[in-house]
Structure formats: structure tokens, C-alpha cells
Protein chains: 2
Amino acid sequence: MTSPRPLRADAARNRARIMTAAHEQITEHGPEVSMEQIAAAAGVAVGTLYKHFPNKSDLVASVVAASFETLADDAEECLQRESQGSPAMAELTGFLSRVMDTVAHNRAVKAAAYALGADHAAHPAMQEVETRVTQALGRLIRTAQAQGGLRADFTVDDLYLMLYTLPADQPPTARARWLALLLTGLTAR
Amino acid sequence: MTSPRPLRADAARNRARIMTAAHEQITEHGPEVSMEQIAAAAGVAVGTLYKHFPNKSDLVASVVAASFETLADDAEECLQRESQGSPAMAELTGFLSRVMDTVAHNRAVKAAAYALGADHAAHPAMQEVETRVTQALGRLIRTAQAQGGLRADFTVDDLYLMLYTLPADQPPTARARWLALLLTGLTAR
DNA sequence: CCATAAAGTGAATGACGCTTCATGTTGTAG
DNA sequence: CTACAACATGAAGCGTCATTCACTTTATGG
């Protein structure tokens, strides 16, 4: 399942460098950075990128999927804290708030959050991560509803919709305001 | 102020054709359509576009500003109906709902709505239209608050924030859901 | 240490888009 | 009707970018 033959030492090293560089570049400049720029940042020739990834969109998808993991980890930590007594609603709003801030500074995570709300599985690598997020957040939502803090008809899809419409490129005050407006609508009457 | 010398007959005709074609193309494909494509749709050579507009972004801005007028007209009609007895809050939600539907089908209006929430005046042509929208919606908001349907701290900027985050490319059901969630947060407690 | 397959290289290719300009066309004033 | 300015034309210039491939370099098993 993993690899018929292990990678040669230099190949593995370069692959790691490429992933790191691509992650940095996409985080900073978004998915539209050129392959040349990623290659330069990795200290590698363009051709090498194509030795490891069939084309640009595959490389980008890999990076975005990796950034995606960050969201999944965060969601699962929320669930963890909840099971240790933290109010579920507080965890949910904390999650939203953090994602929003991250998205504002990280164009790769932005793409990931966007993907959640859109083409639910632009890339196979994302599907399993999506499951993790969905399960963690779903649990959190149900608990929050049981505890009475969250309106009863709220679903995970609603939350994805919110991630999709995050005003990431707005100034912090506007982002906070947006979240506040939304939250009044979400708290149980 | 208008023109030192009137346009030659053919020039005027072509200018109109270009505006129409550009509007159609941008509506359908968004601001990233090529100049070639707009020229072809107008039945004109590329060079002619540059006889009428210094560059692409000026042409796009003109079209977007024109689409912008649609929003302003709608807002002013809302105000009109309100002064004839229609509840201000209903007019506001109607406005939002219509804008969302329009944006979903019209990439030019999308750019306009987006511009409202971002660079408040990407182009001089937009500034005066923005004023119209702001005045009409501001009045509507204050009336809705006086009538008790809208939360007291809601501002025009909040509304722009909502326009900015409209989930335009989501399916109609998702769009409706989004609006519903938001509205519960906006109605006066 | 060598043979060889794996990996790396980067100039070249082709596609596409905006913009310019030398040239040809046409409306219109007189 | 003519002459000229206004206008239109579209091929060519210039960039940018993804992708390929003939060739060189290098890791590694034997």
C-alpha cells in the first residue's frame, strides 16, 4: 500500500523540501504561486517538482490537504476539552474564531476551509480528513444542543456554510463583528 | 464636463456595443474574461476596446459600476415602498435575498457587491453609486430599528459585511438557510 | 569500485493574455 | 466631392506560466 520500493535518500529529502516550500509559498501567496517560485524556494529545479507530483493542482491539493489536518486537529482538541468539562458551545465558538484568524493569515488554510463548504472532496486525500472534522464537530454540536446553548436545528453543514463565508480578508474588528452577529442567531432562544 | 466634441457616429455605436458585450460576458464569465472574447462578442477588433478604454481594468470597472446601479436602484425602491407603508425590516430582508439571488447568476453584480464590502471605492465611478446605496439602506435600517424589528446596534457597514460574505455560489437551499440563520441574529431581541 | 537505474536539471515549447502601433478605412465638415 | 481627422484593425511584442524531455548527475546494491 505504501511504496513498492523506498525512495532514494536524495529523493526523499527533496520531496520533503518541496512540501515545506510549497506549504510556505501557498500559505503566503495563495494557490496561484508559480511552480518556478515554489521550486526556487525549495532550492530545486522545476523539473523535480514534476518528478514528485504529476501536475500543479496535485501539488497544491497535497499542501491544502495537509493544512486541512490543522483544522481537524483543532476540532478534535475541542472535543477533548469538552469531554473534560468545557462547555461545548464555548468550544464551538472558539473553534470558529480561531479558524477565522488562521484563514486571515494562511491562504492555504483558507483554501481548505473553502473546500469544506464547496466541492466536499476536491481531492481523495481530503475525504478522510473531512470525516474527522465532521465527526468531531458533529459531536460538539449535538452536545451544545443538549446543553441548551445552541439552537436545535443547527447542523454540521450549517457550520461548513459559515466556514465557507468567513470574511477572512476583512480587518480583525470586522471579523469579530461578523462572528458576534452570527452567534446571536445561533444561541438557543 | 461631458465631451469637448461629440463622438463620431460609428464610434458611439461601437462604444455601446462594447459596453453591452462586456456586460454580458462579465455577467456570465466574471471579470477574468479576455479582452479578445469581449471584442469578439461585440463584433469589433481588440484595438477598438483600447480606443474607448485605456485598459482592461477600466473597462471592467465601468461594467461593474453599471451593475452596481442595479443594487442602488433596488435599494431606493425598497425605501420607496417603505415610505408607502411596507415594513422596513421586510424590505431589508427582501433586498438581501434578491441581491443574493442576483449575485448567484451575475458575476458582474457579484464583483459589485464584493467591492462594497472591500475597497470601498476601487473606482471613482463607484463612489457616487455607493453613496446612493448607503443612504437608502441607512434610512431603511434606522426605520427598521425605530419600528423595533431590527437590533439596535446594526449598521450599514454590518450590511456590507453581509453582502461581502454572501454564499453566492452555493445552491439555493444553502443560500436560503444562510439568510435564515443570519436573520435570527438580526431581529431585535 | 562499478554499473545502472533513479533522480535532478533547466532550456525549450506552447498556450494564453494584455497592450501597442503601423496601416487601412470611413464619417463628416466645408 | 474632397480632404482630413477620427476611428478601426489585427498582427506582433512582451510577459507569465505550466509542462516536457534530452541530457547530466548521483545514490546504491552487488
Side-chain angles (χ1 to χ4, degrees), chain A residues 2-65 107-108 111 122-123 125, chain B residues 2-65 107-108 111 122-123 125:
Chain A
T2 35
S3 52
R5 273 167 237 176
L7 279 179
R8 229 171 68 174
D10 54 346
R13 185 171 4 101
N14 278 339
R15 190 171 222 289
R17 279 186 189 167
I18 290 172
M19 277 301 270
T20 306
H23 193 278
E24 284 172 4
Q25 295 299 311
I26 294 178
T27 289
E28 187 169 357
H29 308 291
E32 55 283 340
V33 266
S34 71
M35 292 294 263
E36 300 278 358
Q37 195 167 332
I38 294 174
V44 150
V46 236
T48 307
L49 298 196
Y50 289 91
K51 276 271 150 64
H52 290 278
F53 300 90
N55 51 45
K56 181 178 179 178
S57 83
D58 264 62
L59 170 54
V60 172
S62 292
V63 169
V64 170
R107 316 257 273 108
H123 210 68
Chain B
T2 35
S3 52
R5 274 167 236 175
L7 279 180
R8 229 172 68 175
D10 55 346
R13 185 171 3 102
N14 278 339
R15 190 171 222 288
R17 278 186 189 165
I18 290 172
M19 277 301 271
T20 306
H23 193 277
E24 285 172 4
Q25 295 299 310
I26 294 179
T27 289
E28 187 170 355
H29 309 291
E32 54 284 340
V33 265
S34 72
M35 292 294 263
E36 300 279 358
Q37 194 167 334
I38 294 173
V44 149
V46 236
T48 306
L49 298 196
Y50 288 91
K51 274 271 147 62
H52 291 277
F53 300 90
N55 52 45
K56 180 178 178 176
S57 82
D58 265 61
L59 170 54
V60 172
S62 291
V63 170
V64 170
R107 315 259 272 109
H123 210 67

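Excluded from the calculations below are hydrogen atoms, water molecules and symmetry mates; all remaining heavy atoms, backbone and side chain alike, are included. Per chain, numbering begins at 1; letters A, B, ... match sequence-line order.
- Counting to the nearest Å, the P atom of C:dC18 and the CD atom of B:Gln25 are 13 Å from each other.
- Rounded to whole Å, the distance from CE on A:Met35 to P on C:dG14 is 20 Å.
- A:Asn55 and A:Met35 get closest at one heavy-atom pair: C-CE, 4.5 Å.
- Taking every heavy atom of both residues into account, A:Pro31 and A:Ile26 meet most closely at N-CG2, 4.0 Å.
- Between the OH atom of B:Tyr50 and the C1' atom of C:dT19 there is a distance of 5 Å, rounded to whole Å.
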**OP:** Run the numbers on B:Met19 and B:His52 for side-chain contact (heavy atoms from CB on, under 4.5 Å), then give the verdict.
**Re:** CA-CA 10 Å; B:Met19 277 301 271; B:His52 291 277; over 6 Å; no
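- Nearest heavy-atom pair across A:Phe53 and A:Leu59 is CE1-CD1, 3.6 Å.
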**OP:** Spell out protein contact along nucleotides 3-9 of chain C as letters: B when the base is contacted, S when just the sugar-phosphate is, - when no protein heavy atom is under 4.0 Å; keep the 5' to 3' order.
**Re:** --BBSBB
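- Computed from coordinates, the B:Asn55 CG to D:dC14 P distance equals 20 Å when rounded to whole Å.
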Original post:
side-chain contact (heavy atoms from CB on, under 4.5 Å) between A:Ile18 and A:Arg15: does it pass, once the steps are laid out?
Top reply: CA-CA 5 Å; A:Ile18 290 172; A:Arg15 190 171 222 289; 5.7 Å; no
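- Pairs engaging residues 20-33 of chain A under the salt bridge (Lys or Arg N to Asp or Glu O under 4.0 Å) rule: A:Glu32-A:Arg107 [sequence neighbours left out].
- Counting to the nearest Å, the P atom of C:dG17 and the NZ atom of B:Lys56 are 8 Å from each other.
- Rounded to a whole Å, the CG atom of B:Leu49 is 10 Å from the P atom of C:dC18.
- If you take CD of A:Glu36 and P of D:dT20, they are 14 Å apart, rounded to a whole angstrom.
- A straight line from CG of B:Leu59 to P of C:dT19 spans 10 Å, rounded to a whole angstrom.
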